[in-house]
Protein chains: 2
Amino acid sequence: MSASFNIHAQLLADCEQLGNLDLCSVLLMRDARFPWLILVPRIDGLRDLHDLPTTHREQAFTEVEIASKALHTYASADKINVAALGNMVPQLHIHVIGRREDDAGWPAPVWSAGPAITLEGAELKERASTLKTLVFAE
Amino acid sequence: MSASFNIHAQLLADCEQLGNLDLCSVLLMRDARFPWLILVPRIDGLRDLHDLPTTHREQAFTEVEIASKALHTYASADKINVAALGNMVPQLHIHVIGRREDDAGWPAPVWSAGPAITLEGAELKERASTLKTLVFAE
């Protein structure tokens, strides 16, 4: 991992930091509508998913699986959406989102579901604490 | 790969089949607005990305890279969007989309850019033929 690595300011503005897995920092999106984690590989200069060095790809996949299973347990998710888009924030980050057939955007992608409903206060604390326990349980 | 594997009917309705890499079938989305490939691992019963057996994950990543580089060459893409959503089509499929800062949806995700503009006729033939050559060049 890069010693000088910094998470992009926009991700820090939108998210709560939960902690670090071996490769990725784990962020919680402050959107009350969807249980939504973001994984940021701590390597400088990555943009597209395939920029991830081959030596780190298995670990990235493992960490997507950890985040997916945490969301599945937390939210009884029917489906996990995984995406590396990065049109607005160029630093490589991987969205891992738990979706339910009764959620605010189903079946459309979350990006088509309108603006975020800010997750804050007790609800933010509860979600951050529970997901932190689930993600870092092993 | 599963001998009995079938690509979901909705994907076949929306896409042109370009051929098979070692793990995934490669489809071209018939949307004139975006150069858009879809990779479908030929294993029965997968839904979420982490359902992919660990023994196939490196190959999946390699094939995402092949598709990404083909789109980069074909469309001088500024950014590659990679996503496994599957809220509508449950069979695991990975979107690999070349994005440009002057495209019809930038910087929003393609799913927020309104309905597809059907890719057909000579334009479809040209895109399918060129991307097929680029994806299967090696």
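Throughout, protein chains are lettered first and strands after them, A, B, ... in sequence-line order, and every chain is numbered starting at 1. Values in this document were obtained by computation on a predicted structure and should not be read as measured data. Because only heavy atoms are used, hydrogens play no part in the values below, and waters and symmetry mates are left out as well, while side chains stay in.
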[X] side-chain N/O to [Y] backbone N/O, donor-acceptor pair under 3.5 Å:
| X | Y | answer |
| --- | --- | --- |
| B:Asp51 | B:Leu46 | no |
| B:Glu63 | B:Leu21 | no |
| B:Arg42 | B:Ile7 | no |

Next item on the list: Report the C-alpha separation of B:Cys15 and B:Leu28 in whole Å, then their side-chain angles, then the decisive distance to 0.1 Å, and conclude whether the side-chain contact (heavy atoms from CB on, under 4.5 Å) test is met.
Entry: CA-CA 5 Å; B:Cys15 299; B:Leu28 169 65; 5.8 Å; no

Margin query: Under the criterion side-chain contact (heavy atoms from CB on, under 4.5 Å), I'd like the reasoning laid out for B:Leu49 against A:Phe61: C-alpha separation, chi angles, the key distance, then a yes or no.
Written below: CA-CA 9 Å; B:Leu49 191 61; A:Phe61 226 123; 3.8 Å; yes

Next item on the list: Would you please go through residues 110-130 of chain A and name the residues with a non-hydrogen atom below 4.5 Å from one of chain B, in numerical order?
Entry: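 Within residues 110-130 of chain A, the residues that come under 4.5 Å of chain B (heavy atoms only) are A:Trp111, A:Ser112.
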
Item checked: Contact origin within A:Asp78 toward chain B - heavy atom pairs under 4.5 Å ->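 Only the backbone of A:Asp78 comes within 4.5 Å of chain B.
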
Check: Is A:Leu12 reachable from A:Met88 through a run of hydrophobic residues whose side-chain heavy atoms are each under 4.5 Å from the next?
Finding: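 No, A:Met88 and A:Leu12 fall in different hydrophobic clusters.
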
Next item on the list: Might you work through the side-chain contact (heavy atoms from CB on, under 4.5 Å) test for A:Asn20 and A:Ser25, ending with a clear yes or no?
Entry: CA-CA 4 Å; A:Asn20 291 339; A:Ser25 292; 2.7 Å; yes

Check: So which of A:Leu85, A:Thr62, A:Val64 has the biggest tally of heavy-atom pairs under 4.5 Å with chain B?
Finding: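 Option with the greatest count: A:Leu85.
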
Notebook entry, point to check: If you tally heavy-atom pairs under 4.5 Å against chain B, which of A:Ala60, A:Pro109, A:Ala108 wins?
Noted result: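 Of the options given, most contacts go to A:Pro109.
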
Margin query: Applying the side chain to side chain contact (heavy atoms under 4.5 Å, CB included) criterion to A:Ile38, which one of A:Leu27, A:Leu18, A:Val26 satisfies it?
Written below: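 One option only clears the test, and that one is A:Leu27.
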
Check: When only pairs under 4.5 Å are counted, which of B:Lys79, B:His50, B:Arg47 shares the most heavy-atom pairs with chain A?
Finding: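 Looking at each of B:Lys79, B:His50, B:Arg47 in turn, B:Lys79 comes out on top.
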
Item checked: Residues, nucleotides or ligands: over 12 heavy atoms within 6.0 Å of A:His8 NE2 ->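 Atom NE2 in A:His8 is packed in, count exceeds 12.
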
Note to self: Quick check on B:Lys69: does its NZ atom have over 12 non-hydrogen neighbours (other residues, nucleotides or ligands) under 6.0 Å away?
What the structure shows: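 Open: at most 12 neighbouring heavy atoms sit under 6.0 Å from NZ of B:Lys69.
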
Next item on the list: Sort by residue number and list every member of residues 89-106 of chain B having a non-hydrogen atom under 4.5 Å from chain A.
Entry: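 Result: B:Arg99, B:Trp106.
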
Notebook entry, point to check: Is the shortest distance from a Lys or Arg side-chain nitrogen in B:Glu58 or A:Arg57 to a carboxylate oxygen in the other one below 4.0 Å?
Noted result: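 No salt bridge links B:Glu58 with A:Arg57.
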
